[in-house]
Amino acid sequence: METTALVLAYVGVALMVGLAGVASSIGTAITGQASVGAMKKNGGAFGSYMILSALPGSQGLYGFVCFFLVQKGLTDPTMVQGAAIFGAGLLVGLVNIAASIYQAKVCANGIAAIGNGHDVMGKTLILAAFPELYAILTVAATYLIATLDGVNLF
């Protein structure tokens with residue numbers, strides 16, 4: 001067992017799960033704040049506020065899913081496996097932070113508009129799906145990294 005490979009793998013998982021979790025915390029806080037402000041004007045649309053507030057929370061789940069994709073590499077990894085897990089962790093962490101924050105901004109604007117009486121729930125959901133796509137792609141990329149020749153985490 002190579003210690004450097006193990007350290008790389010564990011740091012990668014920490015970035016993967018930790019940064020994705022931080023991303024969801026930030027994103028849901030942004031939308032939650034917008035919801036509280038919007039409820040002052042239009043308390044009857046709480047269901048819409050709640051749905052839009054929850055969307056940026058999905059990035060934390062993607063980080064956790066990616067952890068399961070690389071979990072086998074946390075037991076006696078080769079240097080290639082350790083580096084692959086580190087790279088996947090960095091990818092997942094950074095992309096999910098950006099996706100969650102910018103998705104939260106889209107949702108927060110939709111929440112504010114709904115609070116002002118505009119019927120934009122469906123359109124906001126559609127626009128919020130665009131940053132979500134890039135978060136989902138990190139799961140696909142992690143799977144592809146885990147199945148590369150020489151990495152073989154499955």
Side-chain angles (χ1 to χ4, degrees), residues 1-38 47-113 120-154:
M1 173 174 72
E2 190 170 335
T3 305
T4 305
L6 194 59
V7 169
L8 276 174
Y10 274 92
V11 169
V13 167
L15 291 169
M16 180 182 289
V17 178
L19 291 178
V22 167
S24 287
S25 298
I26 293 169
T28 55
I30 291 169
T31 54
Q33 290 169 342
S35 294
V36 170
S48 295
Y49 304 151
M50 185 178 61
I51 291 167
L52 292 174
S53 292
L55 280 180
S58 61
Q59 283 76 10
L61 296 173
Y62 299 142
F64 201 59
V65 168
C66 290
F67 164 75
F68 284 108
L69 293 175
V70 301
Q71 185 178 10
K72 183 180 172 191
L74 299 178
T75 306
D76 196 25
T78 65
M79 191 61 185
V80 171
Q81 289 172 327
I85 294 169
F86 177 80
L90 191 60
L91 167 80
V92 170
L94 293 177
V95 171
N96 279 280
I97 280 181
S100 183
I101 290 170
Y102 285 99
Q103 184 179 55
K105 290 180 178 191
V106 170
C107 291
N109 280 297
I111 289 166
V120 294
M121 174 64 178
K123 292 173 183 163
T124 302
L125 281 172
I126 291 168
L127 294 172
F130 295 131
E132 183 87 13
L133 169 66
Y134 296 97
I136 292 168
L137 286 177
T138 65
V139 176
T142 300
Y143 174 79
L144 293 173
I145 290 168
T147 58
L148 286 172
D149 283 342
V151 178
N152 301 321
L153 295 177
F154 284 102

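Shortest non-hydrogen contact noted between G110 and L52 is C-CD1, 4.4 Å. Nearest heavy-atom pair across L8 and G82 is CB-O, 3.6 Å. The shortest heavy-atom contact between A5 and T78 is CB-O, 3.3 Å. Minimum interatomic distance between D76 and Q81 (heavy atoms only, all atoms of both residues): O-OE1, 4.3 Å.
You'll find the side chain of S53 stays beyond 4.5 Å of the side chain of T28, heavy atoms only. Using a 4.5 Å heavy-atom cutoff, the side chains of L69 and F154 are in contact. Looking only at side-chain heavy atoms (C-beta outward), N152 and K72 stay at 4.5 Å or farther from each other. Between I51 and L125 the shortest side-chain heavy-atom distance falls below 4.5 Å. With contacts defined as side-chain heavy-atom distances shorter than 4.5 Å, the pair L55/T31 does not qualify.
Residues that satisfy the side-chain contact (heavy atoms from CB on, under 4.5 Å) test with V36, not counting sequence neighbours, are M39. A54 meets the side-chain contact (heavy atoms from CB on, under 4.5 Å) test with no other residue; sequence neighbours excluded.
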Might you work through the side-chain contact (heavy atoms from CB on, under 4.5 Å) test for F86 and L15, ending with a clear yes or no? CA-CA 8 Å; F86 177 80; L15 291 169; 3.8 Å; yes
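Rounded to the nearest 0.5 angstrom, S25 OG and L19 CG are separated by 11.0 Å.
For the pair S24 (side chain) and G21 (backbone), a donor-acceptor distance under 3.5 Å is absent.
F64 and F67 have parallel rings, their planes meeting at less than 30° on a 0 to 90° scale where 60° marks the start of perpendicular.
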Report, one line per pair, each donor and acceptor closer than 3.5 Å where one atom sits in a side chain of residues 87-105; sequence neighbours left out.
from : atom 1 : to   : atom 2 : distance (Å)
N96  : ND2    : V92  : O      : 2.7
N96  : ND2    : T138 : OG1    : 3.2
S100 : OG     : A23  : O      : 2.7
S100 : OG     : P56  : O      : 3.1
Q103 : OE1    : Q59  : NE2    : 3.4
Q103 : NE2    : A128 : O      : 2.8
Q103 : NE2    : E132 : OE1    : 2.8

